[in-house]
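These notes concern the structure reproduced below.
Everything numeric here is computed off the predicted structure, so don't read it as measured data. Only this structure's heavy atoms are used, side chains among them; waters, hydrogens and symmetry mates stay out.
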Amino acid sequence: MKMASKKWKILIHSMTFNRDFGMCYILARILERMGCECLIVNNTNVLSLPVRLWNPDAVFFVTPTKISKLIKTYADARHFIFSAEGSVGYKVSEAKLAGDPGTMGRMSRVYLWGGEARRYLSDIYMQTKGADKEKFESTFKVAGNLRGDIIKFSATRKKSEKIRIGLVGSFWLINSIIPGFSLFRHLFETRTNPRILEECSTQVKYLKVLFEIISRLDKDKYEISFRPYPLEEKGSYRNQAFFKENNIKLDSSIDISTWISEQDIVIGNGITTTIALFAIARKPFINLTLLCGSSLKIYENLLPAPLLAATAKNSPADFDTLFDMISNYEKHSFYDEDTLVFLH
């Protein structure tokens, strides 16, 4: 391992603990072994006075929307970004950066999930005034999926006689982590935003679907693990009689990649960039959007066609189909021609 030329101070931004901290922690340990000094921060303190006074030599962050503030706050530092949602969001976030030569000129590196993103962003950048191909090549680098790397190097899980089913929470609104949050008050305050009411309704429907699935699963055959969404209040699940009665294990691990690798099949509602991890782990994934009364069309303007195509194959419209898929879960690995695009 090549050692650093001096003890550089590296500021590492982890936006969401249960999404980003795992890979940020590993990165910090590697850099420390190379002779650097690292400080991991989150949204609440990344711009705080103590951190600013620490005066980092470099800033590594995972959220493109913070580029301007971080560059302004840490003007003397070198800036590195790896978007935690890079398999999808690059057509919005990194594309904005590639089309802004001024901001891009302040970046030391922009790390991408794959070559497809790099080609897309290169086309945008080369249309800007004074575009320099060498500058793009030296700034935009393919690093792969850092969270996916954790899966590749995860320890082999302990064998179990039961089939392990992982259920993913998606209740960031009806079970918000925000202290003192009142859903009722929030609905009044956002009454002119139809998306909030629709999302609230969808989350309640999803909870009802999970109740049905858990109640019908054969507990002698299946072992259930539930992982809350990063922005959920996890304490709400503790000591729940329903969880105890159905022997559900509440996952408290830091990194979702490790958790996914330990499951035989994962079931959830909604399509996020986490979906790429199922392909990397070669794990079956069942999407419950249709069972929750929504349509896959709601993602058409948000996600690329290949991802929608891959998900549509694993989106049952009724419970009979769902339980048939669970029974034959090995046939529904989330790894095919459609998902390959997110791995390259």
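Taking the six-membered ring where the residue is Trp, Phe181 and His186 present tilted rings, their angle falling between 30° and 60°.
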Exercise. So Tyr125 and Phe140, ring pair (Phe, Tyr, Trp, His ring centres under 6.0 Å) or not? Walk me through it.
Worked result: CA-CA 11 Å; Tyr125 171 73; Phe140 287 78; 7.2 Å; no
Exercise. Taking it one step at a time, do Thr190 and Asn193 satisfy side chain to side chain donor-acceptor pair (under 3.5 Å)?
Worked result: CA-CA 5 Å; Thr190 59; Asn193 185 351; over 6 Å; no
Exercise. Which is it for Ser253 and Arg227 under the side chain to side chain donor-acceptor pair (under 3.5 Å) test, yes or no, and what are the steps along the way?
Worked result: CA-CA 9 Å; Ser253 60; Arg227 182 178 177 85; 3.1 Å; yes
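Contact between Ile67 and Phe61 at its shortest, heavy atoms only, is CG1-CE1, 3.5 Å. Ile254 and Phe21 get closest at one heavy-atom pair: CG2-CD2, 3.7 Å. What you find for Asp251 and Pro228 is that their closest heavy atoms are O-CD, 3.9 Å. Considering all non-hydrogen atoms of both residues, Phe285 and Ile267 come closest at CE1-C, 4.4 Å. Of all heavy-atom pairs spanning Ser225 and Trp259, the tightest one is OG-NE1, 2.8 Å. Scanning both residues, Phe319 and Leu291, for their nearest heavy atoms gives N-CD2, 3.9 Å.
Cluster annotation: Leu231 is connected to Leu187 through the hydrophobic network of ILVMFWY side chains, with a link wherever side-chain heavy atoms come within less than 4.5 Å. Phe184 and Ile178 sit in two unconnected hydrophobic clusters of ILVMFWY residues. Membership requires side-chain heavy atoms under 4.5 Å apart, directly or through other members. At a threshold of 4.5 Å between side-chain heavy atoms, the hydrophobic network of Ile, Leu, Val, Met, Phe, Trp and Tyr places Leu49 and Leu11 in two separate groups.
Side-chain contact between Phe211 and Tyr206: absent, with no pair of heavy atoms (C-beta onward) separated by less than 4.5 Å.
Side-chain contact check for Asp324 and Thr321: no donor-acceptor pair (N or O, by modelled atom type) lies under 3.5 Å. Using modelled atom types, one finds a donor on one side chain and an acceptor on the other under 3.5 Å when comparing Asn175 with Glu232. No side-chain donor from either of Asn45 and Ser48 sits under 3.5 Å from a side-chain acceptor of the other. Side-chain atoms of Ser122 and Lys133 include a donor-acceptor pair closer than 3.5 Å.
Salt-bridge formation is not detected for the pair Glu198/Arg195: no Lys NZ or Arg NE/NH1/NH2 atom is positioned less than 4.0 Å from an Asp or Glu carboxylate oxygen. A salt bridge does not link Glu32 with Lys7: none of the charged nitrogens is closer than 4.0 Å to a carboxylate oxygen. Ion pairing between a basic and an acidic side chain is recognised when a charged N comes within 4.0 Å of a carboxylate O; Glu223 and Arg164 show such pairing. One finds no salt bridge joining Glu212 and Lys208 here, because no Lys/Arg side-chain nitrogen approaches an Asp/Glu carboxylate oxygen to under 4.0 Å.
Thr139 places no side-chain N or O within 3.5 Å of a backbone atom of Phe136 that could act as its donor or acceptor partner. Checking side-chain atoms of Arg118 against main-chain N and O of Gly115 turns up no donor-acceptor pair under 3.5 Å. Distance alone, capped at 3.5 Å, places no donor-acceptor pair between the Asn328 side chain and the Lys331 backbone. Side chain of Trp113 to main chain of Ser83: a donor-acceptor pair is present (N/O by atom type, distance under 3.5 Å, no hydrogens or angles). Put simply, the side chain of Lys219 gets close to the backbone of Ile214: a donor and an acceptor are under 3.5 Å apart. With hydrogens and angles disregarded, no donor-acceptor distance shorter than 3.5 Å links the side chain of Lys141 to the backbone of Arg109.
Under the side-chain hydrogen bond (donor to acceptor under 3.5 Å, both in side chains) rule, His13 has a single partner from Asp20, Asn42, Asn43, which is Asn43. Of the residues listed (Leu112, Val62, Val110), the one engaging Ile81 in a side-chain contact (heavy atoms from CB on, under 4.5 Å) is Val110, and it is the only one.
Phe243 has its ring centre less than 6.0 Å from the ring centre of Phe226.
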